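Please read all numbers here as calculations on a predicted model, not as lab measurements. Counting convention: from 1, in listed order, for ligands and their atoms alike.
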Amino acid sequence: MSNPVYLALDVPQLDAAKALVEKVKGHIGGVKLGLEFFCAHGTHGVHEIAHLGLPIFLDLKLHDIPNTVAGAMQSLHVVEPAIMTVHASGGRAMMEDAKAAAGENTKVVAVTMLTSLDERDLERTGVQGTPHHHVMRLAELAQDSGLDGIVCSGQEVKSVHKQWKDGFFVVPGLRPGGKATGDQKRVVTPRQARDDGASVLVIGRPISRADDPLQAAREIEATL
Ligand SMILES: O=c1ccn([C@@H]2O[C@H](COP(=O)(O)O)[C@@H](O)[C@H]2O)c(=O)[nH]1
């Protein structure tokens with residue numbers, strides 16, 4: 001089985017980002033580039049990281065009207081990402097159009113509820129119910145919209161996997177035992193998420209901010 005760990009490369013300098021990937025590359029399965037990286041380096045930066053030879057997950061969490069999101073997906077064909085994200089709360093038409101506009105080798109997955117939020121945060125945005133209920137509802141919508149899978153926390157992935165047998169599940173908010181959670185609220189260990197059905201494990205700061213990123217990546221790999 002290939003390594004499910006995608007390193008979240010939330011590093012502003014391109015040279016530092018490339019050096020980090022070179023260092024840990026034998027112990028990860030892919031690289032996740034998000035807003036911080038893309039706003040600083042755009043498609044040029046994505047190409048530079050892609051040249052290092054690992055699959056690219058472009059996590060831009062697109063959320064706009066269907067026509068705009070479809071246009072953005074088309075513009076991003078040039079970087080041929082293996083995985084891309086849109087927000088499930090953008091609705092069915094937006095997700096359908098995003099999938100139709102994506103490159104044929106790109107999996108499109110929908111962010112359900114950010115792992116930095118808990119039930120109280122949900123309530124404050126006017127949504128009633130538990131995170132579990134909210135994620136299950138948005139997962140069903142993403143599936144009905146023809147997407148490949150969703151992004152959810154490790155606390156929901158087991159239930160989602162039962163409901164959507166062949167779905168592709170991306171799980172961030174992962175912390176090896178005892179590591180600082182920072183801004184993440186719905187957290188599990190990488191091993192727990194993998195055992196519960198995650199297809200991709202997104203891990204950033206536990207590797208990128210470790211005193212020794214290579215050792216941190218090796219230790220995580222050894223738990224899987
Ligand atoms: O719900 C979500 C969706 C995306 N993310 C992204 O994953 C990484 C997590 O980084 P850590 O340093 O391991 O916390 C980050 O790039 C987020 O943008 C998420 O955390 N939660």
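The side-chain tip of Lys107 points at the ring of Phe168 from less than 6.0 angstrom away and within 45° of straight on.
Looking at Lys185, Gln184, Glu156, Arg186 one by one, the single match for side chain to side chain donor-acceptor pair (under 3.5 Å) with Thr115 turns out to be Gln184.
Of all protein heavy atoms, the one closest to atom 18 (O) of ligand 1 is Lys61 NZ, 3.5 Å. Scanning the protein heavy atoms around atom 13 (O) of ligand 1, the nearest turns out to be Gly204 N, 2.8 Å. Protein heavy atom closest to atom 20 (O) of ligand 1, with residue, atom name and distance, is Gln184 NE2, 2.7 Å. At the shortest separation from atom 21 (N) of ligand 1 among protein heavy atoms lies Thr115 OG1, 2.6 Å. Counting protein heavy atoms only, atom 15 (C) of ligand 1 is closest to Asp10 OD2, 3.4 Å. For atom 6 (C) of ligand 1, the closest non-hydrogen atom on the protein side is Lys32 NZ, 3.7 Å.
When each atom of ligand 1 is checked for a heavy atom of Ala8 under 4.0 Å away, the hits are 8 (C), 16 (O). Those atoms of ligand 1 that come under 4.0 Å of a heavy atom in Arg205, given as number and element, are 11 (P), 12 (O), 13 (O), 14 (O). Each of the atoms 7 (O), 8 (C) of ligand 1 lies under 4.0 Å from some heavy atom of Val202. Less than 4.0 angstrom separates some heavy atom of Leu114 from each of these atoms of ligand 1: 1 (O), 2 (C), 3 (C).
Other residues, nucleotides and ligands contribute over 12 non-hydrogen atoms within 6.0 Å of the NZ atom of Lys61. The 12-atom threshold is exceeded at CZ of Arg92, counting heavy atoms of other residues, nucleotides or ligands nearer than 6.0 Å.
Considering backbone and side-chain atoms alike, Arg175 places an N or O below 3.5 Å from some N or O of ligand 1.
In this structure, the side-chain contact (heavy atoms from CB on, under 4.5 Å) partners of His161, at least two apart in sequence or on a different chain, are Phe169.
Ion pairing between a basic and an acidic side chain is recognised when a charged N comes within 4.0 Å of a carboxylate O; Arg205 and Asp183 show such pairing.
The cluster map of Ile, Leu, Val, Met, Phe, Trp and Tyr, joined by side-chain heavy atoms under 4.5 Å apart, puts Leu117 and Val187 in different clusters.
Here Gln163 contributes atom CD and Gln143 contributes atom CD; the two are 6.5 Å apart, rounded to the nearest 0.5 Å.
Remark: distances from the non-hydrogen atoms of Pro206 to ligand 1 include one below 4.0 Å. Heavy atoms of Val111 stay at 4.0 angstrom or farther from ligand 1.
Ser159 and His132 share a side-chain donor-acceptor pair at under 3.5 Å.
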